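No hydrogens, no waters, no symmetry mates; every other heavy atom, side chains included, goes into these values. In what follows, chains are A, B, ... by sequence order, proteins preceding strands, each numbered from 1. Predicted, not measured: the structure shown is a model, and the values here were computed from it.
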2 protein chains.
Amino acid sequence: MPITIKDVAKKAGVSPSTVSRVLSNHPRISKETARKVKTIMEELGYHQNVMARSLVSNKTYTLGMVLPRPAEELFQNHFFAENIRGITTQASRNGYDLLMTAGHSEAEELTAVTRLVKGRRVDGIILLQSRRNDPIIAFLRNEGFPFVLIGHSEEEILCVDNDNVQAAFDATQHLIAQGHERIGFVSGPPHLTVSIDRLEGYRKAMNGHWLPMQPEWIVEGEFLQESGYRAMSYLMNLPERPTALVVIDDIVTFGILRGLNELGYRVPDDLSLVSFNNIALAELSSPPLSSVDIGIYQLGYMASQQLIRAIQDDHPLPLRTIVPHRLIVRESSLNLKRNWS
Amino acid sequence: MPITIKDVAKKAGVSPSTVSRVLSNHPRISKETARKVKTIMEELGYHQNVMARSLVSNKTYTLGMVLPRPAEELFQNHFFAENIRGITTQASRNGYDLLMTAGHSEAEELTAVTRLVKGRRVDGIILLQSRRNDPIIAFLRNEGFPFVLIGHSEEEILCVDNDNVQAAFDATQHLIAQGHERIGFVSGPPHLTVSIDRLEGYRKAMNGHWLPMQPEWIVEGEFLQESGYRAMSYLMNLPERPTALVVIDDIVTFGILRGLNELGYRVPDDLSLVSFNNIALAELSSPPLSSVDIGIYQLGYMASQQLIRAIQDDHPLPLRTIVPHRLIVRESSLNLKRNWS
DNA sequence: GCTGTATCCAAAAGCGCTTTCAATTGGCTT
DNA sequence: AAGCCAATTGAAAGCGCTTTTGGATACAGC
């Protein structure tokens, strides 16, 4: 039988309401009473029943999240783990926990979110991926329920994202600074905003330096190793091939790297490479990859923060939060002789 | 104002208790009434308030978990993501959700767990790592609160783990089958059970085939790339060096691989490698690594399952669940000429 | 016709907490 | 001394649900 505020109240010789007020640091309670009650709580080992509090206050101090379905494994894993870390850190700093639920199909995901929202299980929802016309977003908007999207959206919703145009611009700029003039771009699926934005950043940088852009230097693919492999063999067989590549994702670069290895080309001597996301592996590959760190931890951190703000005050927030990126230069894009220590 | 069972009851012309019974599929309710009530619930868009139910039934249908603090990044990320996937899949299949909370120090972790347990926030706890004399384990045992540990423990608690002796035996056996006789073992920190167990498996396999074991072929280190690098340079400088290695962790193998690369050795021709955990990267490296898949997803899955069983029925369960491993043979241990397709 | 026994449902208590409303006190003013 | 205000606390209602208890109805057996 757990200890309740009644037990504390009785022992302290006050009413349950007083104990409750002590719990929530109510201002109109005398210091003396507060201290006395707190002592008794310690003594009795009292702990607040969260459910009961939630029921009456209609607040759960919990953020909800639907587990993303397995997608591009490697990046996803890294992204997911880092992201969660950011989310929970900021959440727990504000007294919130994170509730996760799984959905193995789009329909199930919606059901799960509905259950969380309608069942008053959480105070807000964090969304990790958005599809076009996402029914979950539609549902949440319709309910007027607080939520934040980590990623890009055209819609008028709270979201946290990177400036991908600028990121690609920076990456390209870096290659240009290393003396490259023939720079290619290995993109992802062309309908994704991230592909579009990064391509634009690449274009901007190239144009800014009056560098020619051959259409055949721009290749589209998936976020897969194979895509990189294929792009590599295509590009290296061009009569006038690029000396450097900006690549949409580290995974794709691994494919390129593997292909180059097989063909006996060396990185960065024969081809310099810069890609995106700076997964842990980027540092471990040989040579280590230059990569744009998109601040995954911070994406989670900011999302959590913005969501909690949205929950707590009704002031309209700036809808879009941009998390800064950072180009991490490693050997794959350095115009130096390799220098293994 | 959300719709409650009272609203449903009124509209259906029954009492709230009847609605409640319909919700929980109480047997003593007529099919007809049940159908009628369910129709009304649909109509009104009723959803059960989870908090209220939890309050009275003293069940939350939630499992709790403390986020591991950042450790060996790469493996952790992979492990964590896969693990969570396993946990939530099985949990949601049983109508449970997963609540995560963060602790940035050991003390904070304990506080967090206390809050979950004493605040009746969750029905059980999943622990991801165990230290010697883990205060969290002590606390949970003391409370008699259901929990499961993913990993090894000497104590009499519910846990889910691999058979690491057998796994190492299999890995070594495989190398022997490939014709190797001089096989080394690159271990992890010597006080960890996982290191001890895997070393034992290696020994068993070697002894089983009457193969000599040089003490200098056994090297201890950390779960770090650098450890592999160092082990490699040590081993390759031995007068009688091994032709194959069993390595405690894929990350360590990456270090070995990098070192070998620098020195111009080739894998598997000059040195064959088998390691553990089969992280996503193992497949992507060149050459792809042979690795023992320890079934991370299933570790989570089983942990979730065992915990829910422990929560739901009081029957004593088998304390230890062993998740099967599987050796994935890739090029790093194949005694063939490399054959890139 | 009366009791027995199923079956189905309603009434009401209560889970542990917050919060409104009112009561009590002591110190000040007039 | 009466009145008033502020500060502090208590009583009680109620959040939405489950569950116990018992009432109503129907039908069988005596």
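For the pair B/R120 CZ and C/dG16 C1', the interatomic distance rounds to 12 Å; values are reported in whole Å. Distance, A/I29 CD1 to C/dT18 C1': 13 Å, rounded to whole Å. Straight-line distance from the NZ atom of A/K36 to the C1' atom of D/dT8: 12 Å, rounded to whole Å. Look at CZ on A/R121: it is 17 Å from P on D/dG16, rounded to the nearest Å. B/H26 places its NE2 atom 18 Å from the P atom of D/dC17, with the value rounded to the nearest Å. What separates CG of B/L55 from C1' of D/dT18 is a distance of 10 Å, to the nearest Å. As a whole-Å value, the separation of B/N49 CG from C/dC17 P is 17 Å. When rounded to the nearest whole Å, the span between CD1 of A/I5 and P of C/dC15 equals 12 Å.
Between A/A34 and A/I29, the shortest heavy-atom contact is CB-CG2, 4.0 Å. Looking at every heavy atom in both residues, B/I322 comes nearest to B/N162 through CD1-O, 4.0 Å.
Nucleic acid contact for B/V19: none, since no nucleic acid atom lies under 4.0 Å from a heavy atom of the residue. Using a 4.0 Å heavy-atom distance criterion, A/G13 is classed as a sugar-phosphate-only contact. Residue-level contact check: A/T4 touches the backbone only, with heavy atoms under 4.0 Å from sugar-phosphate atoms and none from bases.
With respect to A/R141 and A/E156, no salt bridge is recorded, no charged nitrogen being found less than 4.0 Å from a carboxylate O. Remark: B/R35 does not engage B/E32 in a salt bridge, criterion side-chain N to carboxylate O under 4.0 Å.
Contact annotation: B/T18 reaches the phosphate of C/dA10 (side-chain N/O to OP1 or OP2, under 4.0 Å). Using a 4.0 Å cut-off, no side-chain N or O of B/S54 falls inside it from OP1 or OP2 of D/dC17. Residue B/S20 places at least one side-chain N or O closer than 4.0 Å to OP1 or OP2 of D/dT18.
Taking the side chain of A/R28 as heavy atoms from C-beta on, and the options D/dT9, D/dG14, D/dT18, the nearest nucleotide is D/dT9. Among the nucleotides D/dG16, C/dA12, C/dC9, the one closest to any side-chain atom of B/R21 is C/dC9. The side chain of A/T33 approaches D/dT9 more closely than any other nucleotide in the set D/dT18, D/dT9, D/dA12. Of the candidate nucleotides D/dG10, D/dG16, D/dG14, D/dG16 has the atom nearest to the side chain of B/P2. Distances were taken from every side-chain heavy atom of A/S30 (C-beta onward) to each of C/dT19, D/dT9, C/dC9; the shortest belongs to D/dT9.
In terms of modelled atom types and a separation under 3.5 Å, the side chain of B/S92 and the main chain of B/G95 share no donor-acceptor contact.
The only member of A/Y96, A/Y301, A/Y297 that meets side-chain hydrogen bond (donor to acceptor under 3.5 Å, both in side chains) when paired with A/Q90 is A/Y301.
For the pair B/L23 and B/K6, nearest-nucleotide mapping onto DNA chain D gives the more 5' position to B/K6. Projected onto DNA chain C by closest heavy-atom contact, B/A52 and B/S17 fall at different nucleotides, the more 5' of which corresponds to B/S17.
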